[in-house]
Amino acid sequence: MANQQQKPSDRSRYRVPILDRALSLIELLGRYPNGLNVTELSETLQIPKNSAFRIAVTLQENGYLERLEPSKSYRLTSKFMACGASAVSEYNLFEKSIGVMRRLRDATRETVLLGTRIGIEGVVLDQVPGTHNFRFAVDPGVRFPLHTAAPGKAMLAYLPDDERGIVLERMPFKRFTQNTIVTAEDFEADLAGVRERGYGFDLAEEMEGQYCVGAPIFDAKNYPSASIWITAPATRLPDSELDDLGRLIRSHADEVSFAMGWTPSPKNP
């Protein structure tokens with residue numbers, strides 16, 4: 001009787017060479033958080049420069065890589081985190097966040113959300129609904145503009161300067177309300193305040209009557225890879241209590257950061 005199981009070598013004819021190269025390129029960039037240019041990718045992977053360029057551009061156009069100037073290096077984006085959320089939920093960010101988010105929800109009674117950044121947008125990864133009769137609910141996977149969102153500000157404020165500059169150049173700064181920040185210069189000034197405080201605000205900048213307060217989550221490389229925040233009607237978050245609330249959220253975000261291997265530095269205290 002013929003052997004019904006194929007040996008690994010028998011399956012080689014099904015492999016897609018260009019996909020093999022793309023996966024190798026992704027794995028390589030995973031070891032170089034500061035990125036590599038096309039020449040370095042080509043030489044390290046021993047593939048034609050044109051192939052390395054086409055793969056990198058395709059991944060960039062789909063949001064998986066970003067191109068850094070002036071080095072012209074390519075670097076992985078956090079889209080891989082969003083796409084792989086279900087795979088890492090038991091062992092990484094989700095596992096380390098959910099208990100903290102529930103405690104923060106119990107302390108504030110407001111909806112607590114977890115999110116990350118993909119290029120010039122934020123994406124919601126998870127939420128713990130609030131306990132008020134009227135509460136906000138956002139489905140995981142929903143995108144949000146970075147310039148109006150407390151979590152967007154919390155993550156952008158702690159990016160390396162060159163990376164933050166690239167992101168700001170690409171952001172459209174669309175106006176949603178009279179409070180929306182609509183210029184890169186004003187937004188940079190707002191981010192300076194976030195760095196000084198350690199947390200960010202959305203004071204009805206995307207939706208009238210809605211406030212958000214968020215803080216960054218740092219990974220083991222001191223990179224602002226995610227954020228947690230609360231969303232509530234402005235009437236439940238008086239201006240006089242915003243800083244106390246911000247410090248509370250930051251302390252909970254720091255718990256997750258420490259669990260992710262974060263070590264505070266002078267730049268990210």
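In this text the structure is predicted, and so the values were computed from the model without any measurement.
Among residue pairs with one or both ends in residues 46-62, none qualify as salt bridge (Lys or Arg N to Asp or Glu O under 4.0 Å); sequence neighbours excluded.
The residues E205 and K153 are annotated as salt-bridged, a charged nitrogen and a carboxylate oxygen being separated by less than 4.0 angstrom. Taking 4.0 Å as the cut-off between side-chain N and carboxylate O, R135 and E110 do not count as a salt-bridged pair. Looking at R102 and D106, no side-chain N of the basic residue comes within less than 4.0 Å of a carboxylate O on the acidic one, giving no salt bridge. Salt-bridge formation is detected for the pair E255/R103: a Lys NZ or Arg NE/NH1/NH2 atom is positioned less than 4.0 Å from an Asp or Glu carboxylate oxygen.
With hydrogens and angles left out, the side-chain atoms of R21 and S51 include a donor and acceptor closer than 3.5 Å. Looking at Y199 and D243, their side chains do bring a donor and an acceptor atom within 3.5 Å of each other. A donor atom on one side chain and an acceptor atom on the other are found under 3.5 Å apart for D186 and T183. Under the 3.5 Å distance criterion, with hydrogens and angles disregarded, a donor-acceptor pair is assigned to the side chains of T131 and R109.
Residues L41 and L28 are in side-chain contact: their nearest non-hydrogen atoms beyond the backbone lie under 4.5 Å apart. Proximity of D126 to F94: side-chain heavy atoms (C-beta onward) are separated by under 4.5 Å at one or more points. With a 4.5 Å cut-off on side-chain heavy atoms, F136 and P233 count as touching. Taking 4.5 Å as the limit, every side-chain heavy atom of R197 sits out of range of all side-chain heavy atoms of R247. Using a 4.5 Å cut-off on side-chain heavy atoms (C-beta onward), S73 and N37 make contact. Y158 is listed as a side-chain neighbour of R195, based on a closest heavy-atom distance under 4.5 Å. At least one side-chain heavy atom of R15 sits less than 4.5 Å from a side-chain heavy atom of D20. Side chains of I217 and L114 form a contact here, defined as non-hydrogen atoms less than 4.5 Å apart.
Between Y223 and F218, the distance separating the two ring centers is not shorter than 6.0 angstrom. Ring-centre distance between Y211 and F201: not below the 6.0 Å cut-off.
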Could you list the donor-acceptor pairs under 3.5 angstrom formed by side chains in residues 138-147, with sequence neighbours left out?
{"unit_1": "R143", "atom_1": "NH1", "unit_2": "E121", "atom_2": "OE1", "d": "2.8"}
{"unit_1": "H147", "atom_1": "NE2", "unit_2": "K174", "atom_2": "N", "d": "3.4"}
{"unit_1": "H147", "atom_1": "NE2", "unit_2": "K174", "atom_2": "O", "d": "2.7"}

> Yes or no on side-chain contact (heavy atoms from CB on, under 4.5 Å) for T111 and I230, after CA distance, side-chain angles and deciding distance?
Replying inline: CA-CA 6 Å; T111 296; I230 69 165; over 6 Å; no
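Of the residues T77, L29, I26, the one that meets the side-chain contact (heavy atoms from CB on, under 4.5 Å) test with L59 is I26. Residue R164 forms a side-chain contact (heavy atoms from CB on, under 4.5 Å) with just one option from V167, I166, D161, D162, and that option is D161.
Using a distance-only test at 3.5 Å, with no hydrogens or angles considered, a donor-acceptor pair links the side chain of T177 to the main chain of N179.
Note on ring orientation: taking the six-membered ring where Trp is involved, the planes of F258 and W262 are tilted (angle from 30° to 60°).
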